[in-house]
Amino acid sequence: MKGRMSVVSTGPGDQGNLTPRVREELTESEVIAGYGTYLDQIAAFLEGKEVISTGMRDEVGRCEAALKRARAGKRVCLVSGGDAGVYGLAGLMLELMTPEECIDLLVLPGVTSATACAALLGAPLIHDFAVISLSDLLTGTELIEKRLLLAAEGDFVTVLYNPRSTKRRRLLEKAAELFLEVRSPQTPVGLVRNAYREEQRVEVILLEELKANTWVDMRTTVVIGNSRTFTSGGRMITPRGYRTGTDR
Ligand code: SAH
């Protein structure tokens with residue numbers, strides 16, 4: 001039997017944002033591999049399946065164990081939160097697979113945090129935007145800061161993933177400082193914690209307030225507006241120019 005490896009995206013965490021295609025794939029799989037929290041989100045699909053669960057940092061171990069099952073002819077789903085192709089496990093899995101691998105490979109898309117959180121904030125991503133992860137585990141601080149500065153200078157709406165961990169607090173402050181160098185202190189900044197999960201928190205603050213914020217953490221996505229972004233009725237809006245005919 002030829003095995004099948006499906007890297008599936010589970011979205012922000014609720015059932016409603018799990019695509020029908022991913023549901024189908026999970027239902028038909030024999031083995032499901034993932035990190036504990038993501039598996040909890042799809043608990044309904046685990047019954048009767050072989051489950052491979054590893055710690056958060058053991059991405060390589062998880063992918064290798066999943067791949068081993070697919071190589072043995074099993075139908076395997078590797079689950080990854082949000083979109084598996086955005087800071088997710090799709091890349092690592094494809095790197096581990098050899099070109100002559102005799103396994104069917106499938107990568108299924110999902111709702112990523114940027115768009116999931118943007119929808120809760122209003123419409124902040126209507127113009128060009130950049131997505132930057134502040135995680136310095138696999139990327140050097142210097143490169144992260146360079147990308148932040150260039151996104152700020154390019155007037156991109158900027159989405160920050162992995163904004164602040166208990167160990168790494170300084171980089172978010174640095175991001176606030178870099179953006180303040182080129183953007184108005186009054187620029188709206190959207191903060192969304194635990195989107196579509198229990199304890200969801202959505203707030204729009206000003207860029208000048210970002211540095212002192214205390215609750216942004218690893219379950220939060222930060223959306224920094226561009227020079228045109230404004231708020232109306234608590235919602236964040238980036239105009240594209242439909243009404244004025246220009247955004248110049
Ligand atoms: N592949 C995922 C991102 C993984 S990086 C995706 O496409 O969304 C992990 C980061 O995603 C977190 O640090 C946080 O910034 C963001 N994130 C994931 N789930 C979230 C949620 N429910 N609410 C807000 N941000 C979330």
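Note that ligands are numbered from 1 as they come in the structure, with each ligand's atoms numbered from 1 the same way.
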Checklist entry - When clusters are formed by joining ILVMFWY residues with side-chain heavy atoms under 4.5 Å apart, either directly or through shared neighbours, do V22 and Y35 land in the same one? => result yes
Checklist outcome for this item: Closest to atom 25 (N) of ligand 1 among protein heavy atoms sits T221 OG1, 2.8 Å
Checklist entry - Between V86 and ligand 1, is there a nitrogen or oxygen pair with a distance under 3.5 Å? => result yes
Item to check | Closest approach of any protein heavy atom to atom 23 (N) of ligand 1, naming residue and atom | outcome: A195 N, 2.9 Å
Checklist entry - Near V192, which atoms of ligand 1 are under 4.0 Å from a heavy atom of that residue? => result 24 (C)
Checklist entry - What protein heavy atom sits nearest atom 4 (C) of ligand 1, and how far away is it? => result Y87 O, 3.9 Å
Next on the checklist: Is a donor from one side chain sitting under 3.5 angstrom from an acceptor on the other, for D40 and T37?
Outcome noted: no
Checklist outcome for this item: The protein heavy atom nearest to atom 24 (C) of ligand 1 is R219 O, 3.2 Å
Next on the checklist: Students should be able to answer this: which protein heavy-atom is nearest to atom 19 (N) of ligand 1, and at what distance?
Outcome noted: R197 NH2, 3.3 Å
Checklist entry - Can you tell me how far OG of S6 sits from CZ of R75, rounded to the nearest 0.5 angstrom? => result 6.5 Å
Next on the checklist: Using a plain distance cutoff, I'd like to know if P12 has any nitrogen or oxygen under 3.5 Å from a nitrogen or oxygen of ligand 1.
Outcome noted: yes
Next on the checklist: Give me the nearest non-hydrogen protein atom to atom 18 (C) of ligand 1 as residue plus atom name, then the distance to 0.1 Å.
Outcome noted: S113 OG, 3.1 Å
Item to check | Heavy-atom gap G13 to ligand 1 smaller than 4.0 Å | outcome: no
Item to check | Closest protein heavy atom to atom 10 (C) of ligand 1, given as residue, atom name and distance to 0.1 Å | outcome: N162 OD1, 3.6 Å
Item to check | Donor-acceptor pair between N226 and R183 side chains, under 3.5 angstrom | outcome: no
Checklist entry - Is atom CZ of R235 surrounded by more than 12 heavy atoms (other residues, nucleotides or ligands) closer than 6.0 Å? => result no
Checklist entry - So which bit of P163 gets within less than 4.0 Å of ligand 1, heavy atoms only: side chain, backbone, both or neither? => result side chain
Checklist entry - Under 4.0 Å between a Lys/Arg side-chain N and an Asp/Glu carboxylate O for R201 and E203? => result yes
Checklist entry - Of all the atoms in ligand 1, which lie at a distance below 4.0 Å from a heavy atom belonging to C117? => result 24 (C)
Checklist entry - M218 to ligand 1: N or O pair under 3.5 Å? => result yes
Checklist entry - Does Y38, backbone or side chain, put an N or O under 3.5 Å from an N or O of ligand 1? => result no
Checklist entry - Applying a 4.0 Å heavy-atom criterion (strictly less than), which segment of S80 is in contact with ligand 1: side chain, backbone, both, or neither? => result neither
Item to check | Heavy atoms from other residues, nucleotides or ligands near CZ of R71 exceed 12 (cutoff 6.0 Å) | outcome: yes
Checklist entry - Can R193 be said to sit on top of W215's aromatic six-ring, NZ or CZ under 6.0 Å from centre and within 45° of the ring axis? => result no
Next on the checklist: Any side-chain to backbone donor/acceptor pair from T112 onto G82? Under 3.5 Å, distance only.
Outcome noted: no
Item to check | Separation between OH of Y196 and CG of L120, rounded to the nearest 0.5 Å | outcome: 3.5 Å
Checklist entry - More than 12 non-hydrogen atoms from neighbouring residues, nucleotides or ligands closer than 6.0 Å to CZ on R219, yes or no? => result no
Checklist outcome for this item: of all protein heavy atoms, closest to atom 15 (O) of ligand 1 is T220 O, 2.7 Å
Next on the checklist: Would V111 count as a polar contact of ligand 1, with the cut-off being nitrogen or oxygen pairs under 3.5 Å?
Outcome noted: no
Checklist entry - For ligand 1, is there an atom lying under 4.0 Å from some heavy atom of Y161? => result yes
Checklist entry - Should one rank L134, V131, T112 by closest heavy-atom distance to atom 6 (C) of ligand 1, which comes out on top? => result T112
Item to check | Polar side chain donor-acceptor pair, Y87 to S135, under 3.5 angstrom | outcome: no
